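Below, chains carry the letters A, B, ... as their sequence lines are ordered, and counting in each starts from 1. Predicted, not measured: the structure shown is a model, and the values here were computed from it. As a basis for the values below, the full set of heavy atoms in this structure was taken, side chains included, without hydrogen atoms, waters or symmetry mates.
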Amino acid sequence: MNHFLLAAALTLSAPAAMACETVAIGDLTVEHAWSKATIGAGRPGVFYVEITNTGSTDDALVGIATPAAGMPMLHETVVQDGIASMPHAMSIPVPAGQSVQLSPGGYHGMLMGLTTALKEGDSFPVTLTFEKAGEVTVNVDVLSLRAEGPDCADAGQ
Amino acid sequence: MLGVGAYRTRNRPALSEVLPLPIGEMSWALTDHRDQSVRPTDWAGHPVMVFFGFTWCPDVCPTTLGDISLWLEDLGADANRLIVALISVDPERDTPAVLADYVSNFDPRIIGLTGPAEEVAQAAADFRVTYRRVDKDGGHYTMDHTAGVFLFHPDGRFASIIDFHEDRRFAVPKIRRTLS
Ligand SMILES: [Cu+2]
């Protein structure tokens with residue numbers, strides 16, 4: 001890698017350092033945890049993450065908790081007959097040998113009752129509870145309201 | 001649910017009932033994020049791109065606005081005459097000031113529109129858009145709403161719809177066809 005590319009890589013990865021962390025619990029790895037800046041604290045924040053199950057047993061994400069919000073919950077954006085709705089998701093399946101993404105326009109964590117507005121560059125912890133693997137905590141990077149995801153070297157693979 | 005599907009296939013509504021009206025035949029009056037009043041006649045002669053949403057939702061709305069911002073960047077100065085508007089289906093929370101805060105995060109050519117409930121209802125009727133308030137636990141509510149992006153030719157004729165999550169390879173050419 002030449003010096004120019006190295007410098008570019010460092011610049012890109014620095015602000016998204018935490019989102020690019022991978023944490024593991026049992027057969028599950030959790031990575032690319034990010035959120036979007038909010039306008040004030042009176043409206044919900046959002047939580048996106050990628051979960052991979054490398055084991056041979058199905059698991060499921062059944063809840064999230066965070067000091068950043070009083071009432072975090074799991075949602076799924078569904079578009080049916082052209083109409084978008086956002087029903088509550090009781091649990092999000094994480095089948096054996098598969099990856100599941102909480103990502104824009106699909107499953108997401110909805111952070112109701114924010115304690116403070118989320119600003120770009122902030123980070124906060126979210127604890128994920130899995131039906132079988134138990135609890136694991138990840139650090140979540142707050143990106144801009146326009147962001148489509150963190151810039152990680154391994155993102156999208 | 002089965003009943004609804006069966007009804008739809010047997011009694012397909014006439015096209016005139018499902019396609020948006022030409023802009024010139026619309027009759028809503030809304031206010032933009034700079035507190036200026038906007039009427040359909042103000043858009044005469046311009047290509048138009050409109051979608052409905054509400055800024056309270058952190059998922060669908062910013063995703064659509066983010067997509068639109070990328071399309072506009074792709075189109076560059078060619079899209080400068082294109083009117084791009086988000087019409088709020090949640091005027092109770094989306095005041096012009098909230099919309100101003102919100103759209104400042106995206107391409108500056110995107111405007112936010114809101115207004116009295118009956119004018120939002122009129123706009124939805126003119127565009128053949130559906131929306132519905134859904135009450136949730138804890139006194140919160142969200143809005144179900146039509147998620148597509150509507151395109152119109154400069155003469156006001158409806159051109160096409162870009163579906164939610166439609167690939168940019170298809171979306172940008174659809175917009176380009178309304179620009180000339
Ligand atoms: Cu949600």
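Residue B:D163: no heavy atom, backbone or side chain, is found under 4.5 Å from chain A. If you measure heavy-atom distances from A:S103 to chain B, the contacts under 4.5 Å come from the backbone alone. Only the side chain of B:F164 has a heavy atom closer than 4.5 Å to any heavy atom of chain A. Both the backbone and the side chain of A:L145 come within less than 4.5 Å of a heavy atom of chain B.
The most heavy-atom pairs under 4.5 Å with chain B, out of A:M71, A:M110, A:H108, come from A:H108. For the set A:M112, A:H88, A:E148, the count of heavy-atom pairs under 4.5 angstrom toward chain B peaks at A:M112.
Put simply, A:F124 and A:V23 are part of the same group of oily side chains (I, L, V, M, F, W, Y) that touch within less than 4.5 Å, one to the next. Residues B:M26 and B:L82 are members of separate hydrophobic clusters, defined by side-chain heavy-atom contacts under 4.5 angstrom among Ile, Leu, Val, Met, Phe, Trp and Tyr. No chain of hydrophobic side-chain contacts below 4.5 Å, direct or via other Ile, Leu, Val, Met, Phe, Trp or Tyr residues, connects B:V172 to B:F170. Hydrophobic clustering (ILVMFWY, side-chain heavy atoms < 4.5 Å, transitive): A:V100 and A:F47 are in one cluster. Hydrophobic clustering of Ile, Leu, Val, Met, Phe, Trp and Tyr side chains at less than 4.5 Å, counting indirect connections, keeps A:L114 apart from B:W56.
Atom CZ of B:F54 sits about 9.5 Å away from atom CZ of A:R43, to the nearest 0.5 Å. Atoms OG1 and CG, from B:T130 and A:D81 in turn, are 9.5 Å apart once rounded to the nearest 0.5 Å.
For the pair A:I83 and B:Y131, the minimum side-chain heavy-atom distance is 4.5 Å or more.
For residues 58-79 of chain B, heavy-atom neighbours of chain A at less than 4.5 Å comprise B:P58, B:D59, B:V60, B:P62, B:T63, B:G66, B:D67, B:S69, B:L70, B:E73, sorted by residue number. Using a 4.5 Å heavy-atom cut-off against chain A, the contacting residues of residues 140-150 of chain B are B:H140, B:T142, B:M143, B:D144, B:H145, B:T146, B:A147, B:G148.
Residue-environment remark: CZ (B:R39) stays at or below the threshold of 12 foreign heavy atoms within 6.0 Å.
The shortest heavy-atom contact between B:K136 and A:P87 is NZ-CA, 4.0 Å.
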